[in-house]
There are 2 protein chains.
Amino acid sequence: MKSDNITKNVAHRRYGDACGAAHALELIGDRWALLVMREMMFGPRRFGDLRASLPGISANTLTQRLEGLITSGIARRERLPPPASTPVYALTEWGLESEPILGVLGRWAVRSPQHDPTLAFSAASLLLSLRTMIAPDRAGSLYAKIGFRMAGETYCASIVDGVFAAERAPVEDCDIVLEGDPPTIAAWIYGGVPLDDLETAGALRITGDRSLVAIFPELFPLPAKAQS
Amino acid sequence: MKSDNITKNVAHRRYGDACGAAHALELIGDRWALLVMREMMFGPRRFGDLRASLPGISANTLTQRLEGLITSGIARRERLPPPASTPVYALTEWGLESEPILGVLGRWAVRSPQHDPTLAFSAASLLLSLRTMIAPDRAGSLYAKIGFRMAGETYCASIVDGVFAAERAPVEDCDIVLEGDPPTIAAWIYGGVPLDDLETAGALRITGDRSLVAIFPELFPLPAKAQS
DNA sequence: CTGTATCCGTGTTGATACTG
DNA sequence: CAGTATCAACACGGATACAG
């Protein structure tokens, strides 16, 4: 039995408001929706990957969100080519263009006095936050390639003209390579935890150009908290 | 009796995620929250004003959202000076800085094939959408002041260096003054409905510089829809 | 006019278990 | 690993009543 729930996603809650922001909330305002999109920002992901990156989401909810995103034209279901014909979920082109939403939300919300940076942090979150938080005036004309090894995957990022970009790719030809889990890397870049402490604890390993390593965290200043 | 519901807003749903966007959703991801903020973007509003601008919200829900926004430091409850000592709700400075969130959401969502521009449209929505949609290259070096009379209130907007800004103010010294309800004005600017039709129907009245009137809608092009 | 207090029907969420 | 089934808790919207 698969289609007893005829009136589930069809009669989706609407606002009856022509405002674009209101329509955006109808599309991606459901709980978890935007975070599911976040996890697909760097390429297709499997059901289990998404579930692992979103601690607390239930399988039910993830299924419903993916269905909703697909019927809205934001995501797409693919199947990896045989022999590994696993189903994966990817953002459409339009879905990918929602990235500024994550940036603007994050830049605004980290100023909240209640923001707790010690919680779980996915690889996608870290890379998107670096893209959001880089200060172009501090980067100046720096050109650099930065590799990341996190949770069994590798990402290759670049800093060009003050813009930080990243993709899932091998870490070859990178000026520096960071190896550790996302919260640890964040503790170094954002939290000001000394690199020596993390390296001797075996939580973080950085190889490559030490002069770049020395200034790297300064490229990503956090905005001041709002009020008290 | 006022505090029987101890565990209502206190145990607010969290994501347990350090990502800034996730925290933003904890702050303003509740249904209606962002739309309530939208209505306060141009200054303090009364409970009844908010309710009237948000068709479909219940008094209960509006009360809860306002409480949440206040405890998060996003909004503030004030009282107009006597004799009209009516309570009003206003955004804090930090709350006001959430405006780019509305812009980015709207710019992305109007490209949805399912967006319906014929629904209700508040004055705040219209002015924010003009601010979002203005094309600086089309505005060029145009300098103009535009007045709006909508639903018994007046707004004064300016176009300077391709930036559209508006505030609740008298429409004095404006180059043109638009008088009509927000959906009608939107039909002219965005919908391409001829001004003559709207004026003869008595739905819209524009006074002032006719040459500015002629080119005005062209300053606000809508982005192309995503895919089909 | 500005809310608060209930009741109620319904949809959504999350936990657990389970199937292919 | 990729989901589905079931169930309990709760949030939401609508209606209504009512207090300051």
Side-chain angles (χ1 to χ4, degrees), chain A residues 1-17 25-26 28-36 39 44-70 75 77-80 82-89 152, chain B residues 1-17 25-26 29-36 39 44-70 75 77-80 82-90 152:
Chain A
M1 211 66 58
K2 192 170 188 174
S3 55
D4 243 5
N5 42 4
I6 305 177
T7 54
K8 292 282 282 237
N9 278 330
V10 180
H12 195 68
R13 285 274 173 68
R14 310 254 168 98
Y15 285 108
D17 194 316
L25 296 176
E26 294 173 350
I28 60 175
D30 282 335
R31 193 164 157 75
W32 292 108
L34 205 55
L35 303 188
V36 174
E39 292 303 316
R45 306 256 73 175
R46 301 192 304 181
F47 192 90
D49 294 334
L50 295 172
R51 221 182 151 179
S53 305
L54 298 168
I57 197 173
S58 70
N60 262 340
T61 304
L62 181 52
T63 300
Q64 288 176 21
R65 285 306 157 274
L66 288 170
E67 279 174 0
L69 293 174
I70 289 168
R77 184 191 168 124
E78 294 171 350
R79 198 171 276 276
L80 289 183
S85 56
T86 323
V88 291
Y89 300 89
Chain B
M1 211 65 56
K2 193 170 187 172
S3 56
D4 241 5
N5 43 2
I6 304 177
T7 55
K8 291 283 283 235
N9 278 330
V10 179
H12 195 70
R13 286 276 172 67
R14 309 254 169 97
Y15 285 109
D17 193 316
L25 296 176
E26 294 173 350
D30 282 334
R31 193 165 157 76
W32 292 108
L34 204 56
L35 303 188
V36 173
E39 291 303 316
R45 307 254 74 174
R46 301 192 303 182
F47 192 90
D49 294 335
L50 295 172
R51 224 183 148 177
S53 305
L54 298 168
I57 197 173
S58 70
N60 268 341
T61 305
L62 180 52
T63 301
Q64 288 176 22
R65 288 305 158 274
L66 288 170
E67 279 174 1
L69 293 174
I70 289 168
R77 184 191 168 124
E78 294 172 349
R79 200 171 274 277
L80 290 183
S85 57
T86 324
V88 290
Y89 299 90

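Just so you know, these numbers come straight off a predicted model, no measurement behind them. Just so it is clear: chains get the letters A, B, ... in the order the sequence lines come, proteins before strands, and each one is counted from 1.
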Engineer: Taking the side chain of B:N60 as its heavy atoms from C-beta onward, which of D:dT6, C:dC1, C:dT6 lies nearest to it?
Structural biologist: C:dT6

Engineer: Applying the side chain to side chain donor-acceptor pair (under 3.5 Å) test to A:Y89, which of A:E39, A:R77, A:E78 qualifies?
Structural biologist: A:R77

Engineer: Side-chain contact test, heavy atoms from C-beta onward, threshold under 4.5 Å: evaluate it for A:I57 versus A:L35 and give yes or no.
Structural biologist: no

Engineer: Ignoring hydrogens, what is the shortest heavy-atom contact between B:L62 and B:R51? Give both atom names and the distance.
Structural biologist: CD2-N, 4.0 Å

Engineer: Taking only side-chain nitrogens and oxygens of B:R31, does any of them come within less than 4.0 Å of OP1 or OP2 of D:dG13?
Structural biologist: yes

Engineer: Side-chain N or O of B:T63 versus OP1/OP2 of C:dT4: is the shortest distance under 4.0 Å?
Structural biologist: yes

Engineer: Nearest nucleotide by nearest heavy atom, which residue falls closer to the 5' end of DNA chain D, B:T61 or B:R51?
Structural biologist: B:T61

Engineer: Tell me the interatomic distance from A:E67, atom CD, to C:dT13, atom P, rounded to whole angstroms.
Structural biologist: 13 Å

Engineer: With hydrogens left out and only the distance checked, is there a donor-acceptor pair under 3.5 Å joining B:D49's side chain and the base of C:dT2?
Structural biologist: no

Engineer: Only counting residues at least two apart or in another chain, list the ones meeting ring-ring contact (aromatic ring centres under 6.0 Å, His included) with A:Y15.
Structural biologist: B:W32

Engineer: Between OG1 of B:T61 and CZ of B:R31, what distance do you get to the nearest 0.5 Å?
Structural biologist: 8.5 Å

Engineer: When the distance from CG of A:L50 to P of D:dA2 is rounded to whole Å, what number comes out?
Structural biologist: 9 Å

Engineer: Establish, with yes or no, whether the OP1 or OP2 oxygen of C:dG11 is under 4.0 angstrom from a side-chain nitrogen or oxygen of A:Q64.
Structural biologist: no

Engineer: C:dG3 P sits how many Å from B:R65 CZ, rounded?
Structural biologist: 16 Å

Engineer: D:dG14 P sits how many Å from B:L62 CG, rounded?
Structural biologist: 13 Å

Engineer: Please report the distance, rounded to the nearest Å, between CD1 in A:I57 and P in C:dT12.
Structural biologist: 15 Å

Engineer: Given C:dT4, D:dG3, C:dT13, identify the nucleotide with an atom nearest to the side chain of A:A59.
Structural biologist: D:dG3

Engineer: Do the side-chain N or O atoms of A:R46 get closer than 4.0 angstrom to the phosphate oxygens (OP1, OP2) of D:dA2?
Structural biologist: yes

Engineer: Respond yes when some side-chain nitrogen or oxygen of A:W32 is under 4.0 Å from OP1 or OP2 of C:dT12, and no when none is.
Structural biologist: no

Engineer: Mind checking B:R77 for me? I need base, sugar-phosphate or nothing, with any heavy atom below 4.0 Å counting as a touch.
Structural biologist: sugar-phosphate

Engineer: Find the distance A:Y89:OH to D:dG3:P and express it as a whole number of Å.
Structural biologist: 3 Å

Engineer: Distance check needed: C:dG14 P versus B:R14 CZ, whole Å only.
Structural biologist: 14 Å

Engineer: Rounding to an integer number of Å, can you tell me how far B:L54 CG sits from D:dG14 P?
Structural biologist: 13 Å

